[in-house]
Student: 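Before we start, here is the structure in question, set down as structure tokens.
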Protein chains: 2
Amino acid sequence: MKYKEPTQPTKRANYALLNRKGKLSMKSNKNDRRSQRTRQLLTNALVELMLEKSYESITVQDIIDRANVGRSTFYAHYLDKEDLLTSQFEEAGRHLGEEFSDGDSALFLTLRVFQHTRENYRLYKALVWGRGIEIVFKALEAHLNAHLEAEFKQKLGERPSPIPLPVVTHYITGAFLTLLKWWLDNNMPVTPEDMDRYFRQLTIPSVEGLLDIKFK
Amino acid sequence: MKYKEPTQPTKRANYALLNRKGKLSMKSNKNDRRSQRTRQLLTNALVELMLEKSYESITVQDIIDRANVGRSTFYAHYLDKEDLLTSQFEEAGRHLGEEFSDGDSALFLTLRVFQHTRENYRLYKALVWGRGIEIVFKALEAHLNAHLEAEFKQKLGERPSPIPLPVVTHYITGAFLTLLKWWLDNNMPVTPEDMDRYFRQLTIPSVEGLLDIKFK
DNA sequence: TTCATTACCGAACATTTTGTTCAGCAAGTA
DNA sequence: TACTTGCTGAACAAAATGTTCGGTAATGAA
């Protein structure tokens, strides 16, 4: 979709700073109140739409219609639909990561995530529906896996692990996110506290036995 | 993309039998050797392409170029890119489901999947890369969850479960598929047998303790 | 082998979506 | 108040999607 050579190098061309394929990053923008408002409108629109239909079938036109924002404005902020999605949910992933990291044991912070999920039901629902969950997963995965692995290493001390630690951490994060997804899909049939208890009952005995460590 | 009224109702119009949005199903085709060959070419092309780039960025044009098949031929077989993907991988999901179902305990058949994965490395890699894994997951999920739940019920006998069985089954399938994905992403650093052992070591103690049942 | 069937090809075409440009306007900032 | 910067909206190029159809050739059955 290359365009013809622009007649004149436009003056206010801090628009794009990107190589489309390399996906270097999003566009530059100030913290102007207008910019913030626009971004908010766009992300809200995307979340709303993701509650209604699949991510794939949402067009940029849908988004800007819903957000009531000009077409060029969209492209002034984001490279494309994908960029909007990731920059939105990467943030969510970071938030979640922080929730995990400021406690003593990552395994004891899952409750917070369940609770946080309940409080932000709409966002998470959209997230699970579309492909958002994968992006958050990625953002969260590194964080959570690293944290868990460090924790296990510390608890193991000098002893070697009878099982590769990444296997354990991926097992745990995968199971956790799957349960979270199930819980949302079924409209949260039990309390966050119950979900957390179930998760830990399913996880801790095996892990403690296998690595010969104790939690809490 | 409605088209203008066709001048004449075309004679050979067994092309489409679908409501595009309702996604009723794919198009009708005989088991003509030519049809089979075309489908094979198209699915092979898709798998190849998914090994090279993201599913999203693959166009119908890419596929038919790679498969060396006419544009109209593609649309004679499939509704769109999505349809090709699903009809291909739903089949794979069913195969996997059968692998699971013809043994005594579903939990003891994971080894077969790990082995099967290793033997069909390219297919599974493409599957994990693109969105294929979700589709297989869906196809497999119902099968596996139902199977596990029935097994648990039978083992429990009259006793009530201290935890909703869907929670257990989703936990297990989620953890399993995540491990499978990790294993592939890291180019299978350990043997299928090891992976299976790890998985069972992480799963069985907790489940046996929680439900007070025994496997094997 | 013959013959009717049916899938394929390929090009033309309508339609939709994407991404870019720019001049004028208006909201925000200092 | 100025002046800086983001927004609008329309126009446009490019690309991808999906449909049509006449001609060709592979297929399977008699």
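Proteins come first, then strands; the chains are lettered A, B, ... in the order of their sequence lines, and each starts at number 1. Source: prediction; values computed, not measured.
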Student: Regarding E82(A) and Y55(A), is there a side-chain donor-to-acceptor distance under 3.5 Å anywhere?
Tutor: yes
Student: With a 3.5 Å cut-off and just heavy-atom distances, do the side chain of S72(B) and the base of dG18(D) make a donor-acceptor pair?
Tutor: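 Answer is no: no donor-acceptor pair is held.
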Student: Using nucleotides 25-27 of chain D, report all nitrogen or oxygen pairs with the protein that are shorter than 3.5 Å.
Tutor:
unit_1	atom_1	unit_2	atom_2	d
dA26(D)	N3	R34(B)	NH1	3.1

Student: Rounded to whole angstroms, how far apart are CD on E82(A) and P on dT18(C)?
Tutor: 13 Å
Student: Can you tell me how far P of dT16(C) sits from CG of D65(A), to the nearest Å?
Tutor: 14 Å
Student: Would you mind classifying the nucleic acid contact of N68(A) as base, sugar-phosphate or nothing, using non-hydrogen atoms under 4.0 angstrom?
Tutor: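 Here N68(A) touches the backbone only, sparing every base.
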Student: Could you state the atom-to-atom distance from CD of Q61(A) to P of dT18(C) in whole Å?
Tutor: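 From Q61(A) CD to dT18(C) P: 8 Å.
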Student: Describe the nucleic acid contact of T59(B) in one word from base, sugar-phosphate, nothing, applying a heavy-atom distance below 4.0 Å.
Tutor: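 Sugar-phosphate, no base atom in range.
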Student: Using atom CD1 of I63(B) as one end and atom P of dA16(D) as the other, report the distance to the nearest whole Å.
Tutor: 12 Å
Student: Find the distance L84(B):CG to dA16(D):P and express it as a whole number of Å.
Tutor: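 These atoms are roughly 18 Å apart.
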Student: Pick the closest DNA chain D nucleotide for I58(B) and for T38(A) by heavy atoms, then say which residue is nearer the 5' end.
Tutor: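 Comparing both residues, the 5'-ward one is T38(A).
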Student: Given atom CG of L41(B) and atom C1' of dC9(C), what is their separation to the nearest angstrom?
Tutor: 14 Å
Student: Quickly, which of Q115(B), E119(B), R197(B) forms a side chain to side chain contact (heavy atoms under 4.5 Å, CB included) with P192(B)? Name it, please.
Tutor: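 Result for side chain to side chain contact (heavy atoms under 4.5 Å, CB included) with P192(B): Q115(B).
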Student: To the nearest 0.5 Å, what is the distance between CZ on F176(B) and CG on D196(B)?
Tutor: 8.0 Å
Student: What is the separation between atom OH on Y75(A) and atom C1' on dA14(D), rounded to the nearest whole Å?
Tutor: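 From Y75(A) OH to dA14(D) C1': 12 Å.
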Student: Starting at CG of L42(B) and ending at C1' of dA7(C), how long is that distance when rounded to a whole Å?
Tutor: 13 Å
Student: If only side-chain N and O atoms count, and only distance matters, is there a donor-acceptor pair under 3.5 Å linking N145(B) with E149(B)?
Tutor: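 Per modelled atom types, E149(B) and N145(B) side chains form no pair under 3.5 Å.
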Student: For T203(B) and Y171(B), what are the C-alpha separation, side-chain angles and deciding distance, and is it a side-chain hydrogen bond (donor to acceptor under 3.5 Å, both in side chains)?
Tutor: CA-CA 9 Å; T203(B) 306; Y171(B) 176 95; over 6 Å; no
Student: Ignoring the backbone of R71(A), work out which of dG18(D), dG19(C), dG6(D) is nearest its side chain.
Tutor: dG19(C)
Student: Report yes if at least one side-chain N or O of H77(A) is closer than 4.0 Å to OP1 or OP2 of dC7(D); otherwise report no.
Tutor: yes
Student: Does D62(B) come within less than 4.0 Å of K53(B), counting only side-chain N to carboxylate O?
Tutor: yes
Student: Using the ring of Y78(A) (Phe, Tyr or Trp, six-membered ring only), decide whether R39(A) places NZ or CZ under 6.0 Å from its centre and within 45 degrees of its axis.
Tutor: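 So R39(A) does make the cation-pi contact.
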